[in-house]
Amino acid sequence: MPSLATLSVDLNALAHNFHALEAIARVPVHPVVKADAYGLGAIPVARRLMAEGARTFFVARASGGFALREALGPEPVIHVLDGCVGDGAPALIAAGLSPILNHGDQLAAWRAAGGGACGLQIDTGMNRLGFRPEEAPEPFPGLGLVMSHLACADTPDTPMNRQQRDAFATAVQRYPGVVRSFANSGGVFLGPDFGFDAVRPGISLYGSGPEGRPDARLKAVATFMAEVLQVRDVPVGESVGYSQGFRAETPRRIAVCAAGYADGVLRSTSPWGAVWLGGALRSIVGRVSMDVIAVDVTGTDVAVGDRAELFGANRSLDEAATAAGTIAYELLTSVTPRVPRVYSG
Ligand SMILES: *Cc1c(COP(=O)(O)O)cnc(C)c1O
């Protein structure tokens with residue numbers, strides 16, 4: 001039985017975005033496929049990106065790295081952003097994963113276990129992960145990549161972007177010949193001097209544009225659809241949904257669609273949310289429930305079995321995120337396992 005709600009993943013659009021980012025950055029693209037490729041499925045996503053030429057990937061957790069190594073075979077480099085955690089070094093070595101070492105204890109643990117190929121993160125001001133520049137270690141055998149991460153890449157006018165870039169440029173002078181990686185998606189769009197030797201985009205591969213706005217150079221990769229379960233007429237004065245979240249001031253026709261917060265439709269989507277249904281954007285009315293939303297389809301012939309697009313080519317991921325008071329990253333990673341991922345391309 002086909003599912004009432006689906007997350008379709010267009011791998012051709014993913015390939016398009018990969019090459020678009022290559023063309024903008026003019027250096028190799030090392031895709032970030034952490035959190036199961038932002039919920040889209042790390043294995044099919046990384047397989048396709050490999051077919052398009054990607055040879056280096058980033059995951060956050062070691063667990064994501066083990067799964068990816070198993071699926072992709074021995075060839076690609078897989079960096080683990082968490083680094084070498086606890087007594088995890090032997091398992092990383094056995095799987096041929098490259099930890100991004102973030103502090104002295106991680107470096108010591110990696111060396112004690114015999115080490116090997118790894119990367120180093122320099123914190124240039126975000127105060128998240130990585131060595132402070134003044135505490136960064138001397139170059140050592142196995143070190144293949146040195147990276148840092150922007151705190152404000154989606155706000156191009158922030159002076160911190162250039163401060164971080166310059167701090168990174170200074171810090172990497174210590175590591176001649178080591179691959180330098182600085183820019184995430186937002187950083188790719190900040191200009192060529194942010195690119196260094198390789199860029200590390202995630203969200204823009206999956207269709208979100210710079211500054212959290214749709215961009216004509218990128219295609220929608222993920223389409224979240226939900227089928228209409230019931231269409232009803234609501235007379236004047238009656239309400240729709242929990243807590244009477246919507247009241248009909250004129251007669252309304254309401255389509256109840258099969259996706260709710262248990263599928264990843266954030267409850268904060270009401271009252272600004274909209275879906276693409278019956279050839280136009282239509283408002284989500286009342287509260288998002290666990291399994292359904294109500295959509296105002298007054299004046300249309302929308303019927304049971306029609307499909308509403310929560311985000312995709314017609315209702316952009318970025319606009320849907322803004323309407324929910326969040327960012328594309330959270331929207332994508334919120335789509336729950338109940339929603340099957342369907343691949344094309
Ligand atoms: C998540 C992440 C990225 C990718 O960021 P996007 O904004 O999705 O492109 C790159 N580098 C690091 C360190 C990250 O944590």
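One-based numbering, in listed order, for ligands and for the atoms of each.
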Trainee: Once you round to the nearest 0.5 Å, how far does CZ of F194 lie from CG of N184?
Mentor: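 Interatomic distance, F194 CZ to N184 CG, rounded to 0.5 Å: 11.0 Å.
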
Trainee: Any idea which residues sit under 4.0 Å from ligand 1, heavy-atom distances?
Mentor: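 Within 4.0 Å of ligand 1, the protein residues are V32, K34, Y38, L81, R128, M147, H149, N184, S185, R200, P201, G202, I203, Y329.
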
Trainee: CG/L81 to NE2/H79 distance, rounded to the nearest 0.5 angstrom?
Mentor: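 One gets 9.0 Å once the value is rounded to the nearest 0.5 Å.
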
Trainee: Over 60° means perpendicular and under 30° means parallel, so classify the ring planes of F168 and F182, tilted if in between.
Mentor: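 Taking F168 first and then F182, their aromatic rings lie parallel (interplane angle under 30°).
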
Trainee: What I want to check is whether the side chains of D318 and S316 have a donor and an acceptor closer together than 3.5 Å.
Mentor: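 On atom types as modelled, these side chains do not qualify, holding no pair under 3.5 Å.
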
Trainee: Between T250 and R252, is there a side-chain donor-acceptor contact under 3.5 Å, judged purely by atom types and distance?
Mentor: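 The criterion, which ignores hydrogens and geometry beyond distance, is satisfied for T250 and R252.
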
Trainee: Under 3.5 Å, which donor-acceptor pairs do the side chains of residues 126-146 form with other protein atoms, sequence neighbours left out?
Mentor:
from: R132; atom 1: NE; to: E134; atom 2: OE2; distance (Å): 2.9
from: E138; atom 1: OE2; to: R174; atom 2: NH2; distance (Å): 2.9

